[in-house]
Amino acid sequence: MSKTIMGVQLKNRMKDAAEFQTILSKYGCSIQTRIGLHAASEDACSPSGVILLEFLDDADGEIAKLEAELKKFDNVSMQKMVF
């Protein structure tokens with residue numbers, strides 16, 4: 001049994017957020033926890049953000065499909081931890 005946590009940095013939130021969200025929703029049944037982090041203030045919102053995803057145990061096939069879809073974005077980088 002493996003546990004995977006993925007960090008995804010979306011570098012152009014304003015341009016890519018809607019399509020990015022659609023892709024995450026497609027794999028939502030395999031995502032146990034999702035945390036979004038970005039800087040915000042009263043008068044500005046950060047153009048980039050980091051999303052942490054914790055997947056259900058042994059969701060390796062779905063994770064691979066999600067990674068392949070996210071790689072099509074020019075402004076996305078990913079890191080994974082597998083326990």
Side-chain angles (χ1 to χ4, degrees):
M1 181 179 347
S2 67
K3 174 61 75 178
T4 302
I5 297 174
M6 180 188 296
V8 182
Q9 183 180 29
L10 186 60
K11 296 176 186 169
N12 191 341
R13 288 179 55 237
M14 303 308 163
K15 175 181 171 270
D16 296 327
E19 184 179 1
F20 185 83
Q21 174 60 38
T22 298
I23 293 169
L24 288 184
S25 294
K26 181 176 175 180
Y27 296 95
C29 291
S30 297
I31 298 170
Q32 184 169 339
T33 307
R34 174 183 166 178
I35 301 170
L37 308 168
H38 70 277
S41 66
E42 290 182 21
D43 60 345
C45 190
S46 175
S48 67
V50 174
I51 298 91
L52 300 176
L53 303 171
E54 175 194 14
F55 294 92
L56 296 173
D57 292 344
D58 299 318
D60 298 338
E62 293 296 293
I63 295 167
K65 291 176 191 175
L66 172 60
E67 284 181 292
E69 287 199 52
L70 293 180
K71 284 181 181 177
K72 72 179 179 179
F73 289 95
D74 292 331
N75 298 310
V76 168
S77 60
M78 295 176 276
Q79 299 270 333
K80 242 183 356 183
M81 293 185 288
V82 179
F83 299 94

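Phe55 places a side-chain heavy atom less than 4.5 Å from the side chain of Leu66. Side-chain contact between Asp60 and Ser2 is present, with heavy atoms from C-beta onward closer than 4.5 Å. Side-chain contact between Glu69 and Lys26 is present, with heavy atoms from C-beta onward closer than 4.5 Å. When side chains are defined from C-beta on, Val8 counts as touching Leu70, because their heavy atoms get closer than 4.5 Å.
Contact between Thr33 and Ile31 at its shortest, heavy atoms only, is O-CG2, 3.4 Å.
Cluster membership check: Val50 does not share its hydrophobic cluster with Ile63, using side-chain heavy-atom separations under 4.5 Å among Ile, Leu, Val, Met, Phe, Trp and Tyr. Using a 4.5 Å cut-off between side-chain heavy atoms of Ile, Leu, Val, Met, Phe, Trp and Tyr, with links allowed through other members, Ile51 and Ile5 fall into different hydrophobic clusters.
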Derivation and outcome, side chain to side chain contact (heavy atoms under 4.5 Å, CB included), residues Leu52 and Arg34: CA-CA 6 Å; Leu52 300 176; Arg34 174 183 166 178; over 6 Å; no
Verdict with supporting geometry, Asp16 and Asn75, side chain to side chain contact (heavy atoms under 4.5 Å, CB included): CA-CA 8 Å; Asp16 296 327; Asn75 298 310; 4.1 Å; yes
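Shown are Lys11, Met78, Glu19; of these, the side-chain contact (heavy atoms from CB on, under 4.5 Å) with Phe73 is made only by Glu19. Residue Thr4 is tested with Leu56, Asp58, Val82 for a side-chain contact (heavy atoms from CB on, under 4.5 Å); the sole match is Val82.
A donor-acceptor pair is defined here as one N or O able to donate and one able to accept, closer than 3.5 Å; such a pair exists between the side chain of Arg13 and the backbone of Ser46.
Side-chain contact of Gln32 with Lys3: a donor-acceptor pair under 3.5 Å is present, judged by distance alone.
Using a 4.0 Å cut-off between charged nitrogen and carboxylate oxygen, Glu67 and Lys80 count as a salt-bridge pair.
Between the NZ atom in Lys15 and the CZ atom in Phe20 there is a gap of 13.0 Å [rounded to 0.5 Å].
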